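Structure first, then comments.
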2 protein chains.
Amino acid sequence: MIEKVNKSRVISPFKPDNHAHGECLKSALDAAKLQCTNKGMRLTPLRQRVLELVWQNHEPVKAYDILDALKQEKASSAPPTVYRALDFLQQQGLVHKIESLNAYIGCGHPFESHSSQFFICQRCGSVAELDDTNVNRLIDSIANELKFTIEHEHIEIKGHCQNCVTKKHNSHA
Amino acid sequence: MIEKVNKSRVISPFKPDNHAHGECLKSALDAAKLQCTNKGMRLTPLRQRVLELVWQNHEPVKAYDILDALKQEKASSAPPTVYRALDFLQQQGLVHKIESLNAYIGCGHPFESHSSQFFICQRCGSVAELDDTNVNRLIDSIANELKFTIEHEHIEIKGHCQNCVTKKHNSHA
DNA sequence: TGTATTAATGTTATAATGTAACATTAAATC
DNA sequence: GATTTAATGTTACATTATAACATTAATACA
């Protein structure tokens, strides 16, 4: 499931527009169920539903967009409904928050807590998630020099994915 | 002004509690004035005042805290007063936004646009800013492999600075 | 120097994001 | 079954940020 490319552990690559996303969703849900079972945590119907909504695609999803969707299904849904589910999912490693977008993205590899480097396409919104050994080591070594104890890392790289750069070229946009 | 430590360009190190902060403020303002003059941009009194407020210390400052301070000086100040000044200062490289804190921190080295790695102490709130060549090169090389074109990087490392770890130890907290 | 133009700021309103606090319901424990 | 804890419901509000239009200040240039 996890490919190693030049010491980069690719948690989630950029996906072609036409990939079979049902598979992504299914495997994410399977992973979530397994993870929660292993940890003795409850993936309640609400939490699962929020996770599904986060996994609509490979783009970060906004909390209030999730809320809007939940309201379609249950009119009384409110912000805490969403934020509590998102908090739980983040604690289980099933969802990450993209801080620079105030948005949330699913993670298909929750089993071991890991560092992440997010590459975020500003054109199509797609995100690739890596856990690159070299980046981790380098950040650790810098922290070490600074005598800094790392608790958490937010690494969010914004720009344009290959697909969008190609499209842009083709359309002379 | 810029020290090179093991290929890390230290934009702003962690400072001792008792450092002469007036010097930091003064040199930041001097740099800002020079930078704006060079670029033909106007560091108006309002913009300068906001910059001074950002430079109160080496901790990220919240927009609404700046607003509260401005209101003391001019009761009619409103959110756009602050956000417009912050936008300008960010464009000039005089201020960076810490995305994971929704807060803003001054940058004393605006002359050339650079990448930043922020180390953020969760205990005392202090921030160190680096521009590490190795990090930059590594991120670039990963982007290159992904055929990803980088526009901007947000790298925010959270944890505890040496000073706070030592204190914690001493106080058995 | 006055006039046109642009840039900056003022002002009001509202949007977007997130949390506190307490009530209720459901699940697990014993 | 009673007790306790976990999860969700509900209302209210706090925080962060922007839109839109009016006014003032600065710059350009006739």
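Please read these numbers as outputs of a predicted model, since none were measured by experiment.
- Side-chain atoms of A:T81 lie closest to D:dT10 of the nucleotides D:dT10, D:dT27, C:dT9.
- Projected onto DNA chain D by closest heavy-atom contact, A:P45 and A:P79 fall at different nucleotides, the more 5' of which corresponds to A:P45.
- Between B:S77 and B:L67, the closest side-chain pair of non-hydrogen atoms falls below 4.5 Å.
- Side-chain nitrogen and oxygen atoms of A:R47 include at least one within less than 4.0 Å of the OP1 or OP2 phosphate oxygen of D:dT8.
- The distance from atom CG of B:N102 to atom C1' of D:dA14 is 13 Å, rounded to the nearest whole Å.
- In this model, the phosphate group of D:dA17 is approached by a side-chain N or O of B:Y83 to a distance below 4.0 Å at OP1 or OP2.
- In this structure, the side chains of A:C36 and A:L94 come closer than 4.5 Å at one or more pairs of heavy atoms.
- Across the protein-nucleic acid pair, B:R42 atom CZ and D:dT27 atom C1' stand 8 Å apart, rounded to whole Å.
- Residue B:K62 has no polar side-chain atom (N or O) positioned under 4.0 Å from OP1 or OP2 of D:dT15.
- Among C:dT9, C:dA20, C:dG18, the nucleotide with an atom closest to any side-chain atom of A:P80 is C:dA20.
- Atom CG in B:L70 sits roughly 13 Å away from atom P in C:dT11 (whole-Å rounding).
- Listed candidates were C:dG18, D:dA7, D:dT10. Nearest to the side chain of A:A78 is D:dT10.
- Checked against the 6.0 Å centroid criterion, the rings of B:H154 and B:H96 do not qualify as a close aromatic pair.
- Put simply, CD1 on A:I66 is 11 Å from P on C:dT17, counting in whole angstrom units.
- Closest to the side chain of A:R84, out of D:dT27, D:dT10, C:dT11, is D:dT10.
- One interatomic measurement links the two molecules: OH of A:Y104 to C1' of C:dA16, which rounds to 12 Å at whole-angstrom precision.
- Remark: P of D:dT10 and CG of A:L67 are 13 Å apart, rounded to the nearest angstrom.
- Side-chain atoms of A:T44 lie closest to D:dT8 of the nucleotides C:dG10, D:dT16, D:dT8.
- Looking only at distances, a side-chain donor or acceptor of A:E156 sits under 3.5 Å from a matching main-chain atom of A:E99.
- Just one of B:I98, B:L51, B:L86, B:D65 meets the side chain to side chain contact (heavy atoms under 4.5 Å, CB included) condition when paired with B:Y104; it is B:L86.
- Applying the 4.0 Å criterion to OP1 and OP2 of D:dT10, one finds that A:S76 has a side-chain N or O inside that range.
- Rounded to an integer number of Å, the gap from NZ of A:K39 to P of D:dA6 is 17 Å.
- Remark: ring of A:Y64 stacked against base of C:dT17; centroid gap under 5.5 Å, plane tilt under 30°.
- Per the geometry, CD belonging to A:Q92 stands 14 Å off C1' belonging to D:dA6, to the nearest Å.
- Between B:F148 and B:I142, the closest side-chain pair of non-hydrogen atoms is not below 4.5 Å.
- With distances taken from any side-chain atom of B:K74 to the nucleotides D:dA7, C:dG10, D:dA26, the minimum falls on C:dG10.
- At least one side-chain nitrogen or oxygen of B:K97 sits closer than 4.0 Å to the OP1 or OP2 atom of D:dA17.
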